[in-house]
Amino acid sequence: MNNGVEGDKNMDTEENIIEIRNLKKSYDDGKIKALNGLDLEVKKGEFLSIMGPSGSGKSTLLNMIGALDVADEGKIKVAGIDLTKASKLNEFRSKEIGFVFQMHNLIPNLTVLENVEIPMYESDLSTDQMKERALKLLKSVNLEDKRDQIPTKLSGGERQRVAIARALVNHPSIILADEPTGALDSKTGDVILKLLRDLHEKENVTLVMVTHEPYVGKMADRIVNVLDGKIQN
Amino acid sequence: MSYLKLILKNPFRNKTRGLLAIVGIAIGIMVIVALGMVTGGLKASTTSTLKAGAAEISVVQTGSGNYGSGRIDESRVTDLLNISGVKETAGTLRATNTSTSGSSTADVSGSSTGTGTTDTSSGQGSFGGFSVTGMDPDKLSLAGIEDVDGALYSNESTNEVIIGKTTSTNLDKNVGDTINLFGKDFTITGIYETGNFMTDAGAFMSLSTLQNLTNNDNQVSSIAVKIDENANATEVSEAIETAYPNELSTTTAASMASRMNTALNTIDTANWAISLLAIIIGGVGVVNTMVMSVFERTREIGVLKAVGWKEKRILGMILGESVVLTLIAAVVGTVVAVIGVVALLSVYFSGTIEPSFALDIFIRAFVVAFVVGIIGGLYPAYRAARLSPTEALRYE
């Protein structure tokens, strides 16, 4: 795939979309070791749950996969791009990654439709094409009728569905969901999880979800546990 | 939604803060535009005193403090023709006709008083009266009067007068109407326009008539001197003063205009100083507004980075929002200044000073607003663009 991101593409096998070797990340001048030699492989199209207690390093791992942060040591290759060598990380995020946060993080003064359009500003799409694609996504999360609403008028579940539509709008290879049901009641959380799983299957997109709730984790194809910055076997 | 629409939408997320920032900048812009319009109008009027055909030198009595308050023997009008370089001379007598509730007064030494029916002081505001000049009609070009709508008064007439455009407007008088000056009714034979706000706010009549009305027989208050094409105004002026020491003093039109322009340039400098101060205050307001905006939107900026926005797009968005604020302020400030200046000048100066609508005044205002927007938004925009996405997303 020619995704325009500059980096080394000769590191992993074809079937692994994420390949991490001995990844290390520390904060506060090395006093806090968030990741401590972590290894992980994720297959293309897989639904992976990352579980672990607070402070175990699971969110840091997600940030590394999403190129929101850079590693101190080790190798991390995502969607064919060696992130330790890549220079245009914003381009990588724009084309390969869709984020779903615990707090939906929608822009409050923009309408639902405008929020979904936001990730497409770095693309070459016209405003009409952006609108068309955003509407299609809103339809797939059953929020087409809310397109002109502002986020504060929506329920928590609806906001998270908008966030999912926003994450998918650039047709990313991977969806990274950080506790996507953490701020929702269990019933709404189930709806969101089902939606995420359906879209993952329908769009054949790799889904990596951080959660600390076992019943949520069990919905995934595979669960990995992170403890003290490492994957536990 | 286009990127531009997003930029236009964002500054009003916090309406109160946005409006306060706009007011701060608008005050500075208002000062720039208002003072520019007034000083521009005065400058245009000053420039018109140098128009071709008008006298280059004005001769008055030495030691006469006020313009036109001294007296010169009328024989000097012909005597000055003997000075080398003098081409033409014209004696003028200037008197002020003030009237309230129908009474008119000739405000000249040895003046006469009378009663009349026309309130000629209305609309003259702080210029304090209605200036009437006595001058031979064939010499009016030396006063800058080239064309008259209607006809000139005749030299022998005792009841004819021409009035300036501003006077005509202020008094609602036209050719054929009657006007009462110094207690006597005059028929308006013509209306002139020179571009000089003082001249256009007055009236001209026969010199002998005004001399009779104000008991100034054989006396003039000043002599207008037109020089030969190749003559030097300064040298001719010196020659006149040397020929009539302690009797006649001269002022060249160029030096008078220069003095007025110096004064106007001082006002211009003050304009810039006041504007600069206002801009600094407004600029600080913009910086504050944008810094607060970036602080409040830290998580949002983190999201924009997470979805792949480049640093320069975030930088452009914040800078754009800052410029939108200041350009709106420029529009508001300009509109308020134009309405304010036009209203104030029409109420207090009643057309004697015409505001300038020179394009450069408005361009200057908008350029200043744009620059304040860029400078004011630069730091907050840089700060937003350089935010670490993970830190921004963690921001509470």
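Each chain gets a letter, A, B and so on, in the order the sequences are listed, and its residues count up from 1.
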Original post:
More than 12 heavy atoms of other residues, nucleotides or ligands under 6.0 Å from CD of A:E132: is that the case?
Top reply: no
Original post:
So with a 6.0 Å cut-off around CZ of B:F370, is the heavy-atom count from everything else above 12?
Top reply: no
Subject >> Step-by-step side-chain contact (heavy atoms from CB on, under 4.5 Å) determination, B:L6 to A:L110 >> reply: CA-CA 8 Å; B:L6 177 73; A:L110 301 185; 3.7 Å; yes
**OP:** Decide yes or no for A:N105 and B:R299: does some side-chain heavy atom of the first lie under 4.5 Å from some side-chain heavy atom of the second?
**Re:** yes
Subject >> B:S388 side, atom OG; A:L68 side, atom CG - distance, nearest 0.5 Å >> reply: 8.5 Å
Original post:
Ignoring hydrogens and geometry, is there a side-chain-to-backbone donor-acceptor pair from B:W309 to A:I118 under 3.5 Å?
Top reply: yes
**OP:** State the CZ-OG distance between B:R394 and A:S59, to the nearest 0.5 angstrom.
**Re:** 9.0 Å
Original post:
About how many Å separate OG of B:S2 and NZ of A:K131, when rounded to the nearest 0.5 Å?
Top reply: 12.0 Å
Subject >> Engaged part of A:I97 at the chain B interface, taking heavy atoms whose separation is under 4.5 Å >> reply: neither
Subject >> Heavy-atom pair with the smallest gap, counting every atom of A:F101 and B:L393 >> reply: CE2-CD1, 3.6 Å
Original post:
Which of residues 120-130 of chain A have a heavy atom under 4.5 Å from any heavy atom of chain B?
Top reply: A:Y121, A:E122, A:T127, A:M130
Original post:
Around B:F12, counting heavy atoms of other residues, nucleotides and ligands shown, do more than 12 lie under 6.0 Å from its CZ?
Top reply: yes
Original post:
Does atom CG of A:D228 have more than 12 heavy-atom neighbours, drawn from other residues, nucleotides or ligands, at distances under 6.0 Å?
Top reply: no
**OP:** List for me each residue that meets side chain to side chain donor-acceptor pair (under 3.5 Å) alongside A:Q102, sequence neighbours excluded, and say none if there are none.
**Re:** none
Subject >> Atom OH of B:Y379: over 12 foreign heavy atoms under 6.0 Å >> reply: no
Subject >> B:K165, NZ: over 12 other non-hydrogen atoms inside 6.0 angstrom >> reply: no
Original post:
Quick one: CD1 on B:I301 to CD1 on A:I107, what's the gap to the nearest 0.5 Å?
Top reply: 9.5 Å
**OP:** Look at A:E91 together with B:K310 and state whether they make a salt bridge at an N to O cut-off of under 4.0 Å.
**Re:** no
Original post:
Is the count of non-hydrogen atoms from other residues, nucleotides or ligands lying under 6.0 Å from B:F295 atom CZ greater than 12?
Top reply: no
